[in-house]
There are 2 protein chains.
Amino acid sequence: MPKEETFNRVQVLEKATEVFHKKGYNGTSMQDLVDATSLNRSSIYNSFGSKLSMFLEVLSFYQSVHSTNFNQALVKSYNAKEAIETIFNLHLNEIIKDNDRKGCLVINCKSEMANQEVSIKSFMEKNQERMIAMFEDIVTKGQMEKIFNQDQTANQYALYLFSSIQGLRMIGILNKNEKELKNLIYITTKILY
Amino acid sequence: MPKEETFNRVQVLEKATEVFHKKGYNGTSMQDLVDATSLNRSSIYNSFGSKLSMFLEVLSFYQSVHSTNFNQALVKSYNAKEAIETIFNLHLNEIIKDNDRKGCLVINCKSEMANQEVSIKSFMEKNQERMIAMFEDIVTKGQMEKIFNQDQTANQYALYLFSSIQGLRMIGILNKNEKELKNLIYITTKILY
DNA sequence: TTAATTTTGAAACGATCATTTCAATAAGAT
DNA sequence: ATCTTATTGAAATGATCGTTTCAAAATTAA
């Protein structure tokens with residue numbers, strides 16, 4: 001049997017995520033990744049294949065971490081209204097603690113690479129499906145509970161909410177005024193009631 | 001008197017804009033710009049200084065072209081409601097004709113570089129001020145005309161609209177379904193009435 | 001037509017790019 | 001303890017990066 005990986009893959013992914021998030025895909029060099037992970041070049045290639053495939057793993061890692069956070073918060077929500085508030089507040093917290101204005105890794109990557117790399121494009125399509133399915137579930141529940149109106153279908157509201165989150169994250173890059181952002185969320189979600 | 005530039009600066013900027021828009025700042029090489037503009041390397045450096053300063057000029061050029069389109073459309077609007085519709089429809093048209101899913105150059109650049117390059121950050125801050133001021137004007141007018149409600153100040157609605165536009169443009173990268181997008185715009189703007 | 005000045009073209013700059021190579025090292029299996 | 005196999009470390013790969021150099025070409029004023 002061979003020698004096994006000595007490094008902690010999760011820790012390496014965390015470090016790589018940090019670099020890609022800060023500098024973007026094209027702005028990140030292999031040297032940056034070597035420095036950040038303190039792994040050897042050949043270990044990175046041996047374990048992750050290439051810069052692109054490492055980035056795709058980073059993207060999935062980032063997504064799964066945030067999905068976990070979402071789900072942990074969502075199970076605590078009593079109703080659909082609270083669920084929506086929970087999701088927006090999680091994003092608000094991310095914005096406020098993002099001192100170096102990196103924005104959202106997934107959104108950044110979508111705007112940088114979705115038109116150039118098919119693997120990224122399909123990742124983003126799946127991401128959109130997931131997000132819209134999640135919002136659709138919540139809105140459907142809210143409409144059955146008579147908390148949300150029925151002016152639009154749950155699917156249409158889901159697209160609206162997904163769009164709004166992306167707008168909020170883009171705003172959050174430059175604007176960290178919590179009061180303004182909370183009011184922006186208030187306006188955004190008011191349409192549901 | 002010296003020999004003057006023989007090339008058409010606007011045409012060169014158009015070509016450079018195309019490349020930067022398609023590939024992003026870090027994804028664009030000087031060779032790409034040489035190829036696209038069919039200018040010589042030294043002519044580019046002589047006339048634009050550096051890759052970054054050329055990009056900043058491209059960014060201003062892109063912004064001014066779109067401002068002109070905005071203003072041409074806005075003067076034709078009879079009231080605030082039409083003005084808002086005009087703005088969203090211009091973005092919708094941009095999305096639909098954007099066959100290679102490049103998205104919006106300004107938004108892409110904001111997410112790629114606002115946290116890394118101070119000149120880009122301040123460009124984006126000014127861009128936000130402009131956009132919000134424009135929306136604020138329209139909303140104020142709409143509120144005076146009693147077409148829009150007074151639930152929120154014009155400035156708060158302006159931030160909401162600016163955020164919504166960015167969300168719409170991010171959605172538009174992958175989703176070109178005109179019916180869905182029109183409905184998204186309908187939901188987004190409904191809050192004003 | 002000559003002097004002054006700037007844009008050009010082509011080549012070269014050192015630095016950095018992503019990736020590969022390969023011998024040395026390490027660890028489980030026999 | 002030895003064999004097998006994979007992970008390491010360090011160096012090198014050729015290509016490309018943004019930028020500079022400088023002589024030749026081009027243009028206008030005198």
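Atom set for the values below is all heavy atoms of this structure, side chains included, hydrogens, waters and symmetry mates excluded.
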Practice task
Give DNA chain C the dot-bracket treatment, 5' to 3': Watson-Crick (N1-N3 with N6-O4 or O6-N4) or G-U (N1-O2, O6-N3) under 3.5 Å, [ ] crossing, | other strand.
Solution key: ||||||||||||.|||||||||||||||.|
Exercise for the section: Determine, for A/E94 against A/R169, whether the closest basic-nitrogen to carboxylate-oxygen distance falls under 4.0 angstrom. Expected result: yes
Completion exercise
Note: A/L181 and A/L168 closest approach over all heavy atoms is CD2-CD1, 4.2 Å
Problem - Polar contact flag, side-chain donor to acceptor under 3.5 angstrom, B/N26-B/E112 - result: yes
Handout entry: Any residue of residues 42-62 of chain A with a heavy atom less than 4.0 Å from an atom of DNA chain D
Key = A/S42, A/S43, A/N46
Handout entry: Basic-acidic side-chain contact under 4.0 Å: A/E125, A/K121
Key = yes
Problem - Electrostatic pair A/K182-A/E178, nearest N-O below 4.0 angstrom - result: yes
Fill in the blank from the handout: Rounded to whole Å, CG of B/N26 lies from P of C/dC17 at a distance of 11 Å
Exercise for the section: Compare all side-chain heavy atoms of A/L59 with those of A/F123 and state whether any distance is below 4.5 angstrom. Expected result: yes
Problem - Hphob cluster co-occupancy, A/Y193 + B/Y193, side-chain heavy atoms under 4.5 angstrom - result: yes
Completion exercise
Heavy atoms of B/A158 and B/I132 approach each other most closely as CB-O, 3.5 Å
Exercise for the section: Rounded off to whole Å, could you give me the CD-to-P distance for the B/Q31 and C/dA10 pair? Expected result: 13 Å
Practice task
Report the nucleotide, chosen from C/dT19, C/dA10, D/dG9, that has the shortest atom-to-atom distance to any side-chain atom of A/N40.
Solution key: D/dG9
Exercise for the section: Determine whether any donor atom in the side chain of A/R41 lies under 3.5 Å from an acceptor atom in the base of C/dT19, or the reverse, and answer yes or no. Expected result: yes
Practice task
Nearest whole angstrom, please: distance from the P of C/dA10 to the CG of B/L39.
Solution key: 13 Å
